[in-house]
Amino acid sequence: MENYNPKKLERKWQGIWEKEDVFQAKNKSKKLKFYVLVEFPYPSGEGLHVGHCRSYIGLDVVARKRRMEGFNVLFPMGWDAFGLPTENYAIKTGIHPKIATRKNTAYFKRQQKGLGLSFDWFREINTTDPAYYKWTQWIFLQLFKNGLAYKAKIPINWCPACKIGLANEEVVDAKCERCGAGVVRKEKEQWLLKITNYAERLIQDLDLVDYSERVKVSQNEWIGKSEGTEIEFRIMNQELRITVFTTRPDTLFGCTYLVLAPEHPIIENLKSQISNFKFVEQYIKESKKKIEKERISEAEEKTGIELKGIKAINPVNGREIPIFVADYVLMQYGTGAIMAVPAHDQRDFDFAKKYNLAIIEVIKPKNFEHNFSEGAYEGEGILVNSRRFEGMKSEDARERIGEWLARQNVAEKVVHYKLRDWIFSRQRYWGEPIPLVFCENCAVKIKNQRAKIKNNEFSIGELQNPGWIAVPEKDLPVKLPLVGDYKPTEKGESPLAKIKNWVNTKCPKCKGPAERETDVMPNWAGSNWYYLAYTMPRIQKSKSKNQKYIWDKNKIKYWLPVDWYNGGMEHTNLHLLYSRFIYKFLWDVGAVPKEIGPEPYKKRTSHGMILGEGGIKMSKSKGNVINPETVVKEYGADTMRVYEMFMGPFEQMIPWDTKGAIGAKRFLEKVWRLQNKVNQKSKRNKFRLRASKNQNLESLIHKTIKKVGEDIESLKLNTAVSSLMILTNELDKQKEIPLILYSYFLILLSPFAPHLTEELWFRVGFKGLCCQQKWPKYDSKLIKEEKITLIIQINGKVRDKIGVEADIPEDEAKKIALSQEKVLKWTKDKKIKKTIFIPRKLINFVI
RNA sequence: GCCGGGGUGGUGAAACUGGAAAACACGAUGGAUUCAAAAUCCAUUGCUCGCAAGAGCUUGAGGGUUCAACUCCCUCCCUCGGCACCA
């Protein structure tokens with residue numbers, strides 16, 4: 001027997017699998033379908049990370065098991081290739097992102113293939129492929145036509161040095177990540193998607209899916225639903241009103257001032273009434289300069305300024321109260337204005353103390369006196385100083401006061417969400433062009449002659465965004481033009497704005513001159529719907545013609561929903577939420593069949609991060625990055641696979657340990673050596689061997705079938721591997737391994753170490769491929785052991801153990817136990833007060 | 001501050017419907033094999049006392065429930081992750 005040579009045999013079997021299309025999902029099949037999805041990677045220049053591998057290998061184990069269980073499995077892979085790093089690389093080196101992407105994806109693919117992952121490469125996708133992003137653009141157009149996309153001026157993070165808009169992730173400590181300049185807020189026109197329309201359903205439908213609790217909690221919090229009341233405050237001698245949002249209308253009698261967010265539009269309208277407007281203006285200007293992150297870090301020190309010359313009126317008691325502007329109130333949440341109740345809200349309390357404002361207690365705790373030197377009392381209690389609501393429980397008053405004000409038309413129950421509309425444009429190059437043009441003629445027509453416009457002449461989106469006209473679907477994709485210079489313009493526009501002959505075009509409606517939108521979509525756009533793309537058939541009429549994807553509802557209906565989706569915890573708030581939203585929209589407009597249901601992913605799991613050796617995060621700067629390719633080269637793919645599954649709980653963060661990989665290698669070498677012990681003659685023997693000698697082994701095999709099967713289902717892959725190690729150690733002790741037992745063993749191991757098991761399967765002379773065998777079923781009768789070790793405890797402490805028949809009756813067990821020498825030592829001269837007998841486990845004497 | 005995960009040997013961890021704590025690995029020590037090394041095999045390996053038989057202690061800390069607690073309850077500490085002036 002030659003030595004275990006993973007390099008040679010892994011290449012061999014990868015070749016055979018590929019040649020025989022073993023992992024290709026069938027579009028027509030009598031088998032039940034099973035769709036296993038792992039997040040497709042962003043193909044960076046650094047290549048695959050060991051963390052990627054964890055997700056791929058884990059779900060590869062699942063996919064392989066499902067195939068062996070007889071399912072038609074779809075386990076695809078692709079490239080989420082639009083994005084900033086490639087673009088920045090282009091700016092630095094002048095190498096076109098397309099070229100860099102091609103190189104990177106080839107590298108990633110080579111590494112993935114080298115791991116023996118059972119992806120269906122016939123369905124490979126790439127978000128930067130025009131055939132692919134044609135549909136990304138098409139989805140955007142559907143959103144636009146249905147009124148879910150709109151352009152608005154909103155504040156963004158702006159780097160004055162780079163002259164570029166930054167994503168939140170690119171802002172570190174209020175500074176530009178790249179140049180270190182201070183980031184400011186700047187108003188910019190951006191496309192937004194109305195994800196907030198779906199907030200309620202995105203919460204509700206979490207009940208329909210099997211996501212881990214932490215994912216559900218996280219999504220829920222991100223959406224941030226809050227039920228409360230909006231209350232209108234009159235302003236003295238003014239027509240204008242201020243509407244506030246509160247969840248505690250029961251404290252309204254304790255409201256002693258109002259606070260507006262600095263961006264609140266009413267301030268501008270009250271300009272002439274505000275006697276100290278100069279100072280107010282100054283304050284607003286200062287606070288605008290701060291970006292959001294800075295505001296938060298100053299949470300302890302609240303600042304603000306009173307609007308002198310105007311007063312608001314508390315609707316419950318007619319009291320005149322001052323109005324402040326303070327940046328502890330956020331424009332983006334609620335109404336951008338609050339009623340301040342310093343006695344019962346800590347933030348208001350701090351503010352009131354600083355500016356010497358009245359603090360009126362209106363809720364008294366039931367069983368104790370609240371000490372206001374400690375701060376505000378935010379709990380429930382009994383109303384005081386509240387006129388007709390005096391003595392009422394705060395929980396009840398919450399409803400009553402709201403109703404009472406509602407009858408006077410100054411209050412309304414409302415629901416608010418933290419979730420904001422989704423900023424969907426980037427002033428960049430390497431992304432999907434937004435397929436819209438701006439037409440001045442049409443803009444004028446829509447604005448000025450609304451009445452004359454015929455039905456269906458313009459879509460909802462076109463009417464809502466005057467001048468913005470959709471590119472006709474037949475003209476998709478709007479291809480990203482080649483440029484030589486990837487830097488944004490002086491004004492911070494996309495580099496596309498510089499290509500005049502691309503920008504200048506004809507309006508598809510009026511045929512007049514028009515300009516293309518030069519913003520591109522964010523990198524989420526391509527990953528919003530990619531799981532659908534894997535189901536889509538492609539056609540290519542000739543070599544010279546470009547490939548096309550067909551939106552085939554039947555195929556979507558067959559494969560969706562995704563049965564099992566695994567990805568990083570870092571994507572639960574954005575990608576997962578965004579793609580659920582886009583799916584729901586497509587489902588609403590009938591682009592995906594109704595039968596599938598309102599959710600795209602049935603089950604979602606998350607793998608833990610892999611840290612560098614010693615528990616610190618892997619990073620290029622620390623030089624502790626482990627390249628999976630080196631591991632594969634040195635130890636083999638199967639070792640890499642087994643180690644990554646064995647290293648610890650799948651969902652948990654874990655440090656890399658090369659020594660552990662060596663352990664995995666040793667295990668596989670042991671497995672390799674077992675082939676010498678296989679008894680070829682035992683082929684004819686039935687699995688159920690009469691020889692009592694092998695009963696334990698038989699029982700162990702069945703236990704392992706059960707354990708490995710169940711562990712894979714719950715992603716306890718570490719204990720699955722460990723039980724295979726136990727079995728291997730046991731097989732190693734045998735003089736001879738019956739062939740049939742050996743075949744079961746190889747099948748169980750094959751999802752983890754597919755190359756090795758394939759080779760051994762072949763060497764022993766079994767027919768077919770190991771990875772195409774039927775997954776074995778265990779016999780529960782064989783798992784039950786006939787003899788067990790009964791634990792004898794005295795006062796709960798283990799004192800002895802005896803080997804007995806498994807179903808020994810209590811009185812007999814008691815008799816034997818009490819006659820044991822070690823037990824007698826403890827029970828001598830003592831009275832047994834109580835005996836607890838747990839069949840198959842233990843007997844406990846209380847003395 | 002709030003929410004969620006977690007705290008078990010020298011290390012990664014296992015056991016969690018309450019029933020032998022430390023499975024399986026890594027590392028370490030000793031031995032076999034070898035001219036030697038690697039590889040492999042065998043033995044030991046939670047801590048303390050003891051020559052030993054054995055005894056006691058041990059799952060972040062403290063308390064409780066129970067015949068029996070890593071597991072359930074209460075109080076607290078630490079740590080990782082998320083959210084955060086959200087009204």
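Side-chain atoms are counted along with the backbone in the values below, which use heavy atoms only and exclude waters and symmetry mates. Naming convention: chains lettered A, B, ... in sequence-line order (proteins, then strands); numbering from 1 in each chain.
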Any idea which of [options] is nearest the [X] side chain?
X        : options                : value
A/Ser226 : B/rG56, B/rC85, B/rA87 : B/rA87
A/Arg347 : B/rC83, B/rG56, B/rA87 : B/rA87
A/Arg673 : B/rC26, B/rC83, B/rU40 : B/rU40
A/Tyr333 : B/rA87, B/rC85, B/rC83 : B/rA87

If you apply the rule ring-ring contact (aromatic ring centres under 6.0 Å, His included), what do you find for A/Tyr257 with A/Phe351, and how did you get there?
CA-CA 11 Å; A/Tyr257 60 97; A/Phe351 193 80; 5.7 Å; yes
- Query: What nucleic acid atoms does A/Ile654 come within less than 4.0 Å of, heavy atoms only: base, sugar-phosphate, or nothing?
  - Reply: sugar-phosphate
Using atom [atom1] in both nucleotides, what's the gap between [N] and [M] to the nearest angstrom?
N      : M      : atom1 : value
B/rU40 : B/rA55 : C1'   : 39 Å
B/rU58 : B/rC70 : C1'   : 11 Å
B/rA23 : B/rU8  : P     : 16 Å

* Cationic N near anionic O, under 4.0 Å, A/Asp207 to A/Lys216 -> no
Inset, instruction - Flag the pair A/Glu730 and A/Lys733 as a salt bridge only when some basic side-chain nitrogen lies within less than 4.0 angstrom of an acidic carboxylate oxygen. - result: yes
With both pairing distances under 3.5 angstrom for Watson-Crick or G-U wobble, and | for a partner in another strand, the correct string for RNA chain B is (((((((..(((......[....)))((((((.......))))))((((....))))..(((((..]....))))))))))))....
Distances for protein N or O near nucleotides 1-5 of chain B N or O, under 3.5 Å:
from	atom 1	to	atom 2	distance (Å)
B/rC3	O2'	A/Glu221	OE2	3.3

Examine [N]: is either OP1 or OP2 under 4.0 Å from a nitrogen or oxygen in the side chain of [X]? Give yes or no.
X        : N      : answer
A/Gln652 : B/rA13 : yes
A/Lys659 : B/rG27 : no
A/Lys797 : B/rC57 : yes

Please produce a list of atom pairs where a protein N or O lies less than 3.5 Å from an N or O of nucleotides 16-25 of chain B.
from	atom 1	to	atom 2	distance (Å)
B/rG19	N2	A/Gln793	OE1	3.4
B/rA20	N3	A/Lys801	NZ	3.3
B/rA25	OP1	A/Asn729	ND2	2.7

Whole-Å distance, A/Arg398 CZ to B/rA87 P, equals 12 Å
Exercise for review: May I ask you to verify whether the side chain of A/Lys834 and the base of B/rC67 hold a donor-acceptor pair under 3.5 Å?
Suggested key: no
